[in-house]
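See structure below.
Along the sequence shown, residues carry numbers from 1. What you are looking at is a predicted structure, and each value in this text was computed from that prediction instead of being measured. When a ligand or atom number is given, it counts from 1 through the structure's own listing order.
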Amino acid sequence: MTAPLLEVRGVDTYYGPVQALRQVSLHVDRGEIVTLIGANGAGKTTLLMTVFGSPRATVGEVYYRGEDITRVPTHQIATRGIAQVPEGRHIFPAMTVEENIVMGTIPIGQAHLDADRQAMFELFPRLKERRNQRAGTLSGGEQQMLAIARALMGRPELILLDEPSLGLAPLIVKRIFEVLKEVAQSGKTIFLVEQNANHALRLADRGYVMVNGEIRLEGSGAELLSNPEVREAYLGGH
Ligand code: ATP
């Protein structure tokens with residue numbers, strides 16, 4: 001049996017005296033789209049940050065491609081094939097769209113720059129139209145697309161996304177989730193943290209539900225969508 005691409009095993013994470021994660025275990029296999037849903041403050045962002053080693057797990061381990069990366073320095077993790085699209089997007093507003101895209105090559109160098117930039121402009125025609133515009137002038141949805149494009153420029157095998165739908169209009173959210181599906185179909189593995197349980201569970205092969213820093217439920221996207229507890233807490237009881 002091959003190891004999962006990403007495996008979190010029995011992780012506790014603290015902020016000073018505050019425990020944010022409690023015995024969290026989950027895994028993401030190659031080619032999957034896996035989502036982690038949960039309310040505000042459940043610990044979802046902390047889990048993504050723990051994978052990147054900042055803050056570090058106090059107890060437990062994080063494995064990537066079967067290797068223990070729990071104590072690997074944060075700046076080295078990106079060079080191993082994991083990219084993060086952080087909440088709030090963190091694009092460089094004063095730089096152009098194209099300059100932001102080029103920044104995404106930092107983990108791997110610029111050997112594939114021309115081909116990869118071309119591929120990004122095909123995936124995101126809107127970014128091509130706006131390539132010379134300052135990124136800070138883009139709409140929220142375009143900035144989210146830019147953050148995804150920048151992450152892809154590092155040729156990651158695994159992409160971690162933190163609430164890509166946050167603050168975006170429904171039509172734009174739909175488009176973002178379509179893009180994520182295309183990205184997955186192109187061979188990338190996706191781990192998606194979301195409060196938008198409906199969209200996330202429809203997209204995902206599997207999902208986990210986090211409550212107060214613990215994994216409460218896990219199952220296929222379809223199983224979780226029909227789970228009464230999930231429906232009540234995250235889908236407005238519908
Ligand atoms: P959100 O959807 O708001 O991002 P989340 O599920 O991602 O929520 P986290 O941001 O991981 O949740 O927060 C988990 C817990 O850790 C919360 O109780 C939060 O208050 C706490 N926390 C987060 N960051 C810090 C920090 N830097 N210092 C202290 N406590 C923190």
Side-chain angles (χ1 to χ4, degrees), residues 6-28 33-62 64 69-71 73-75 77-78 82-91 140-141 143-144 147-148 150-151 158-170 172-173 176-177 180 190-204 206-219 221 224-225 227 229-237:
L6 176 72
E7 184 178 9
V8 174
R9 217 185 271 172
V11 159
D12 290 351
T13 300
Y14 288 81
Y15 294 104
V18 178
Q19 185 168 8
L21 297 182
R22 300 166 193 276
Q23 286 298 297
V24 171
S25 293
L26 55 80
H27 70 275
V28 182
I33 305 179
V34 175
T35 188
L36 174 67
I37 61 169
N40 220 333
K44 306 180 301 298
T45 300
T46 302
L47 177 73
L48 292 186
M49 290 166 65
T50 301
V51 169
F52 267 79
S54 175
R56 234 170 254 297
T58 309
V59 173
E61 297 91 36
V62 179
Y64 181 63
I69 61 164
T70 322
R71 274 156 208 66
T74 299
H75 65 273
I77 291 180
I82 309 182
Q84 197 168 16
V85 181
E87 187 177 333
R89 311 183 262 273
H90 296 280
I91 52 139
Q143 290 188 16
Q144 186 62 59
I148 294 170
R150 189 180 57 187
L158 173 66
I159 305 170
L160 312 177
L161 295 111
D162 196 355
E163 305 216 22
S165 75
L166 194 71
L168 301 180
I172 312 292
V173 171
I176 297 273
F177 278 82
L180 293 180
I190 292 183
F191 184 59
L192 170 69
V193 160
E194 261 298 343
Q195 281 190 56
N196 190 331
N198 187 18
H199 270 100
L201 291 173
R202 278 175 205 284
L203 175 75
R206 291 190 303 111
Y208 296 87
V209 179
M210 182 173 268
V211 180
N212 290 332
E214 289 180 284
I215 300 294
R216 169 74 67 89
L217 294 168
E218 64 175 288
L224 291 176
L225 267 176
N227 178 296
E229 189 180 335
V230 173
R231 297 181 80 82
E232 180 63 33
Y234 305 104
L235 301 172

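With respect to atom 12 (O) of ligand 1, the closest heavy atom belonging to the protein is G43 N, 3.0 Å. Of all protein heavy atoms, the one lying nearest to atom 31 (C) of ligand 1 is Y15 CD1, 3.3 Å. The protein heavy-atom contact nearest to atom 13 (O) of ligand 1 is T46 OG1, 3.8 Å. If you check which protein heavy atom lies closest to atom 1 (P) of ligand 1, you get N40 OD1, 3.4 Å.
There is a protein heavy atom closer than 4.0 angstrom to atom 17 (C) of ligand 1. Of the protein's heavy atoms, none falls inside 4.0 Å of atom 20 (O) of ligand 1.
Heavy atoms of M49 found under 4.0 angstrom from ligand 1: none, in either backbone or side chain. Contact annotation: for M210 versus ligand 1, there are no heavy atoms closer than 4.0 Å. Neither the backbone nor the side chain of V18 comes within contact range of ligand 1; no heavy atom lies under 4.0 Å.
Of the candidates I190, V193, L48, L48 is the only one forming a side chain to side chain contact (heavy atoms under 4.5 Å, CB included) with L160. Checking L26, T13, D162 one by one against L47, the side chain to side chain contact (heavy atoms under 4.5 Å, CB included) holds for a single residue, L26.
Atoms of ligand 1 lying under 4.0 Å from at least one heavy atom of K44, given by number and element, are 2 (O), 5 (P), 6 (O), 7 (O), 8 (O), 11 (O), 12 (O). Close contacts between ligand 1 and A42 involve ligand atoms 5 (P), 6 (O), 12 (O) [criterion: under 4.0 Å to a heavy atom]. Atoms of ligand 1 found under 4.0 Å from any heavy atom of A20, numbered from 1 in the order shown, are 16 (O). Remark: ligand 1 atoms within the under-4.0 Å shell around heavy atoms of A39 are 6 (O). Residue T45 approaches ligand 1 through these ligand atoms, each under 4.0 Å from one of its heavy atoms: 4 (O), 5 (P), 7 (O), 10 (O), 11 (O). For ligand 1, the atoms lying closer than 4.0 Å to a non-hydrogen atom of Q195 are 2 (O).
Put simply, no part of P55 is less than 4.0 Å from ligand 1, judged by heavy atoms.
Across the listed options E87, E194, E163, Q19, E163 owns the non-hydrogen atom lying nearest to atom 2 (O) of ligand 1.
Between G41 and ligand 1, a contact under 3.5 Å exists for at least one N or O pair.
For the pair Y64/L158, a side-chain contact is recorded, criterion being any heavy-atom separation below 4.5 Å from C-beta on. The side-chain heavy atoms of L201 and L224, taken from C-beta on, include a pair separated by under 4.5 Å.
One distance of note links CG of L203 with CG of N198; it measures 11.5 Å at 0.5 Å rounding. Interatomic distance, I148 CD1 to Q143 CD, rounded to the nearest 0.5 Å: 12.5 Å.
Ion pairing between E194 and K44 fails under the 4.0 Å rule for side-chain N and carboxylate O.
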